[in-house]
Amino acid sequence: MDATTPGPLAPDVLDREDLRRALAEHDFAAAFALVKKYGGLSQNRIASACHLTPGKVSAIISGRQQVTSFDVVRRISDGLRIPGNLLGLSPRPWETRKADDDPPGQPSDERPRTEEVPWRPDATVDLAADLTRSDLVMDRRAVTRALTGAALTGAALLDPLEGWLQPATESTPPRRRGRLGVREAEELESTARAFRAWDHRYGGGLRRKAVLGQLSEVVAHLDQHQAPPVEQRLYRVMAQLAGTAATMAWDSGLQRRAQNYYVLALRSSHAGGDRIFGANVLAGMARQMLYRDKPQDALELVRLAQDGTRGVAGPRVRAMLHTREAWALSAMGRATAFQRATTQAAEALALAEKDEEPYWITYFDEAELAGVTGGRLLDLARQGSRQHAEAAADEIRQALSWRGPEAGRSHALDRIGLAECHFLLGDPAGAAAEVHHAVEAAYATRSSRVRTQLGELYPYTVGHSASRPVREARDKIRDLLSN
């Protein structure tokens, strides 16, 4: 079966709300089960249509394996005749042409290559095109469904990323010749830098569509055969835009979308030969896992980044990676290992010089190190250590005194952390005062992460109804979260 062969699913099956919901969330365990029940297809028929083995289909239905490859998603779409929009894909070839458009016997260009999307530049461009097209047309209902999409964890996340350590394989150059010059590439780099700075200051997804539009433009240029130096710069721009899209999606609560863009950013860095930025992307993915209470996955991601940049990473990048390592260790309750990693971060940062490293890592300075260290000491303090709570408060105060206005989201998170330190230290009045500062800072951002952290602070304000300051702080949090 190929992309021009009529698929076996009837229209009434595709109209089922439960099937559409499963397809939108890429829950193929549920989708295949529904196809079996209502479409009358056996596992063998599904496997044959989608170019999968029956054992693979069985493992997917049982939940032992997940579909994480866009290549496999495309094969499912083509084999079962599922319109691309139901799976977050661009329209499939058979949706826009009649079956007799292809001469008899001509092979389809949609035949499967490998089970996972290959670490090849042209495959990365295809992945970017699918992501941006589906995201730019996502309506409110689709956004609501996307909010429920869970990020991958464990082997399903980690194993496909091993390709980052391998050299990029060759791809066939596009037939169309591009005419983009160095100056235009520099303008695209400046735009990517501006979007990154905006996200760092304000957070949230207000400009996410603008970032995706710019990303789509870069994809269009890469779909042409550019001069090699320009092409490499375009892949690096695509990596930076995809990284910004990932953090914006995360700030908007779109966990799975964020992860998809992180993977795109990593693959784009790989295609552009930018191993250092790739390590930064892996650190972002590790942070996402830490917020998802998956410290072991985070530690694996950090170590993958460290392995891939050993001997080439500058001091700020090394320091940042050590803090991610320390974060994972503190979440696992390993206080001694946490202290070791934190010391290594401080030692690496002490070697940093101004303008020595890429612009995107310059944010990692003494203020950032203090803020991250304070947050991790706070993790340990939640386990009942007053000493850690005091140390956390000292570090966070240092961070607040050093941070500039460009770090709006970090400033808000610091304030929330400091308020929690006061609660843990038995100082509700001091905590209430910090809550007021935290809420004021939160209003200046559009970050769902900030609001989530405020929501986790809220329980500390319950049970202090006799205290007017705490009661007022509770009302402040409630007012912000209700907007």
Side-chain angles (χ1 to χ4, degrees), residues 88 124 127-140 142-152 188-219 236-269 277-278 280-292 301 320 359-361 363-364 368 405-413 441-454 483:
T124 296
L127 178 64
D130 278 333
L131 277 174
T132 54
R133 285 171 189 163
S134 64
D135 226 354
L136 284 168
V137 300
M138 190 164 54
D139 58 20
R140 187 180 298 274
V143 170
T144 301
R145 289 197 300 268
L147 285 168
T148 67
L152 296 176
L188 290 169
E189 289 170 345
S190 297
T191 303
R193 183 169 183 165
F195 278 127
R196 189 174 184 87
W198 192 94
D199 176 58
H200 182 56
R201 180 163 188 170
Y202 300 107
L206 185 62
R207 295 190 181 180
R208 196 168 75 89
K209 293 285 188 180
V211 173
L212 296 179
Q214 192 72 7
L215 183 56
S216 181
E217 180 179 340
V218 173
V219 170
R236 295 185 177 198
V237 170
M238 186 160 74
Q240 293 179 27
L241 288 170
T244 300
T247 58
M248 286 183 164
W250 182 14
D251 260 0
S252 301
L254 303 171
Q255 294 291 335
R256 184 60 182 272
R257 291 272 171 173
Q259 195 173 66
N260 288 340
Y261 281 110
Y262 274 132
V263 171
L264 174 61
L266 186 65
R267 289 179 176 273
S268 302
S269 300
F277 190 75
N280 183 63
V281 173
L282 287 166
M285 298 177 77
R287 182 177 57 181
Q288 185 185 25
M289 288 296 100
L290 288 162
Y291 273 92
R292 304 287 292 176
L301 288 163
M320 180 270 293
Y359 79 88
W360 47 261
I361 195 60
Y363 80 94
F364 197 89
E368 183 68 14
E406 73 282 355
R409 178 173 52 205
S410 296
H411 181 86
L413 292 169
Y443 272 117
T445 77
R446 293 181 175 271
S447 171
S448 70
R449 257 186 289 167
V450 170
R451 282 158 176 74
T452 297
Q453 294 292 93
L454 270 177
N483 289 335

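Looking at Phe277 and Arg236, their side chains never come closer than 4.5 Å, going by heavy atoms from C-beta outward. Taking 4.5 Å as the limit, every side-chain heavy atom of Met248 sits out of range of all side-chain heavy atoms of Leu254. Leu131 is not listed as a side-chain neighbour of Leu215, based on a closest heavy-atom distance of 4.5 Å or more. In this structure, the side chains of Arg257 and Ser134 come closer than 4.5 Å at one or more pairs of heavy atoms. For the pair Thr445/His411, no side-chain contact is recorded, criterion being any heavy-atom separation below 4.5 Å from C-beta on. Contact annotation: the side chain of Thr452 never approaches that of Tyr291 to less than 4.5 Å [non-hydrogen atoms, C-beta and beyond].
Between the CG atom in Asn260 and the CG atom in Leu152 there is a gap of 7.5 Å [rounded to 0.5 Å]. Here the straight-line distance linking atom CG of Leu301 with atom CE of Met289 works out to 7.5 Å at 0.5 Å rounding. The distance from atom CG of Leu241 to atom CZ of Arg193, rounded to the nearest 0.5 Å, is 14.0 Å. Atom-to-atom distance recorded for Asp251:CG and Arg451:CZ is 9.5 Å, nearest 0.5 angstrom. One finds the CD atom of Glu368 at 5.5 Å from the OH atom of Tyr363 (value rounded to the nearest 0.5 Å). Rounding to the nearest 0.5 Å places CH2 of Trp360 at 8.5 Å from CD of Gln240.
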Q | Gln214/Val237 under side-chain contact (heavy atoms from CB on, under 4.5 Å): CA gap, chis, key distance, verdict | A | CA-CA 10 Å; Gln214 192 72 7; Val237 170; over 6 Å; no

Q.
Working note: Glu189 + Tyr359, criterion side-chain contact (heavy atoms from CB on, under 4.5 Å); need CA distance, chi angles, decisive distance, verdict.
A. CA-CA 11 Å; Glu189 289 170 345; Tyr359 79 88; over 6 Å; no

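Closest approach of Leu266 to Gly278, counting heavy atoms only: CD1-O, 3.4 Å. Nearest heavy atom pair, residue Ala442 against residue Ala412, reads N-CB, 4.1 Å. Taking both residues in full, the closest heavy atoms of Val219 and Ala128 are given as CG2-CB, 3.4 Å, listed atom of the first, atom of the second, then distance. The two atoms that bring Val281 and Ser269 nearest to each other are CG2-OG, 4.4 Å, heavy atoms only. Between Gly243 and Ala265 the shortest heavy-atom distance is N-CB, 3.7 Å.
Looking at Asp135, Thr247, Thr244 one by one, the single match for side-chain hydrogen bond (donor to acceptor under 3.5 Å, both in side chains) with Tyr261 turns out to be Asp135.
Put simply, the side chain of Ser216 never gets that close to the backbone of Leu212: no donor and acceptor are under 3.5 Å apart. A distance-only check finds a donor-acceptor pair linking the side chain of Gln288 to the backbone of Gln255 [under 3.5 Å].
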